Amino acid sequence: MGTKFKTDHQKITEASYKVSHRIAPAGEAHVIDESITKPYVQDIISCVLGESYSKQVESVSLSNNTVKRRINNITDDIELELISRLQACNVNELQLDESTDVAGLAILLVFVRYDFNKKIEENLLLCESVSINTTGENIFNCIDNFRTTHEINSGKCIEVCSDGAKAITGKVSVFEARIKNVAKKL
């Protein structure tokens with residue numbers, strides 16, 4: 001009986017994670033599934049499979065807090081996987097994009113390309129707000145702090161591409177000088 005309960009509990013938890021995974025990219029309120037989708041699914045299962053199966057669906061937690069926690073867990077897992085891959089790969093390349101949002105907040109996006117299982121992968125490495133007077137120093141520190149915190153070897157970076165922002169490509173770019181100092185293969 002204990003093993004069956006554990007198996008059922010694992011299935012219910014997995015179902016909650018799968019639904020949370022669908023909610024995240026949809027951009028909908030987290031409570032939409034608890035108030036709308038879950039009752040629909042229960043009705044369908046009750047009609048097709050029977051009332052006992054419908055009661056099992058009732059135990060799948062889709063509350064706002066649970067969905068938020070599940071989405072955060074999924075995000076953390078993805079970040080850990082990316083960091084693990086970057087630690088294991090031989091080389092990587094960065095692509096930087098610095099822009100300002102509608103509220104005037106400067107945003108730095110850093111994408112990373114790396115070899116994984118003999119395929120080139122590309123992922124968003126970092127999305128950070130930086131001070132309004134974005135400088136090459138600020139951009140370098142933002143990237144370097146992330147790499148240092150997650151023990152990603154800066155020396156593996158062989159190429160940096162940017163959107164042409166003056167802070168990155170200016171005549172006396174502090175960013176360019178600093179990145180070449182830590183990434184000798186650049």
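Note: hydrogens, waters and symmetry copies are ignored here, and every other heavy atom, side chains too, is used. All figures in this text were calculated on a predicted structure; none of them were measured in a lab.
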Let me confirm one number: the [atom1]-[atom2] distance from [X] to [Y], rounded to the nearest 0.5 Å.
| X | Y | atom1 | atom2 | result |
| --- | --- | --- | --- | --- |
| N181 | D144 | CG | CG | 10.5 Å |
| F116 | E122 | CZ | CD | 16.0 Å |
| R70 | T75 | CZ | OG1 | 13.5 Å |
| I152 | Q87 | CD1 | CD | 6.0 Å |
| N145 | F140 | CG | CZ | 9.0 Å |
| K11 | S59 | NZ | OG | 11.5 Å |

Answer yes or no: is there a donor N or O on one side and an acceptor on the other, between the side chain of [X] and the main chain of [Y], under 3.5 Å?
| X | Y | result |
| --- | --- | --- |
| D77 | N73 | no |
| N153 | G155 | yes |
| T13 | H9 | yes |
| T66 | L62 | no |

State, to 0.1 Å, how close [X] and [Y] come at their nearest heavy-atom pair, and which atoms those are.
| X | Y | result |
| --- | --- | --- |
| I83 | H150 | CD1-ND1, 3.1 Å |
| S61 | S16 | O-OG, 2.8 Å |
| F146 | L126 | CD1-CD1, 3.8 Å |
| V60 | I12 | CA-CG2, 3.7 Å |
| C89 | D115 | CB-O, 3.8 Å |
| S54 | Q42 | OG-O, 3.3 Å |

Transitive ILVMFWY side-chain link [X] to [Y], under 4.5 Å:
| X | Y | result |
| --- | --- | --- |
| V57 | Y53 | yes |
| I120 | Y114 | no |
| V67 | V41 | no |
| L80 | I78 | no |
| V182 | I139 | yes |

Next item on the list: Name all residues meeting the salt bridge (charged side-chain N to carboxylate O under 4.0 Å, His left out) criterion together with K68; count only those two or more places apart in sequence or in a different chain, and write none if there are none.
Entry: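 Counting only residues at least two positions away or on another chain, K68 forms no salt bridge (charged side-chain N to carboxylate O under 4.0 Å, His left out).
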Next item on the list: State which residues pass salt bridge (charged side-chain N to carboxylate O under 4.0 Å, His left out) with R147; sequence neighbours excluded, sorted by chain then number.
Entry: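 If we apply the salt bridge (charged side-chain N to carboxylate O under 4.0 Å, His left out) test to R147, skipping adjacent residues, there are no hits.
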Checklist line | side chain to side chain contact (heavy atoms under 4.5 Å, CB included) between N141 and R178, worked out | finding: CA-CA 9 Å; N141 288 338; R178 296 283 311 271; 3.8 Å; yes
Do [X] and [Y] touch side chain to side chain, with heavy atoms closer than 4.5 Å?
| X | Y | result |
| --- | --- | --- |
| L109 | L124 | yes |
| L125 | I143 | no |
| E93 | I158 | yes |

Notebook entry, point to check: What's the verdict on side chain to side chain contact (heavy atoms under 4.5 Å, CB included) for L86 and V112, showing C-alpha distance, side-chain angles and the deciding distance?
Noted result: CA-CA 9 Å; L86 290 175; V112 64; 3.7 Å; yes
Notebook entry, point to check: Residues two or more places apart in sequence or in another chain: which of them pass side chain to side chain donor-acceptor pair (under 3.5 Å) with S46?
Noted result: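 For S46 the side chain to side chain donor-acceptor pair (under 3.5 Å) partners, ignoring immediate neighbours, are E51.
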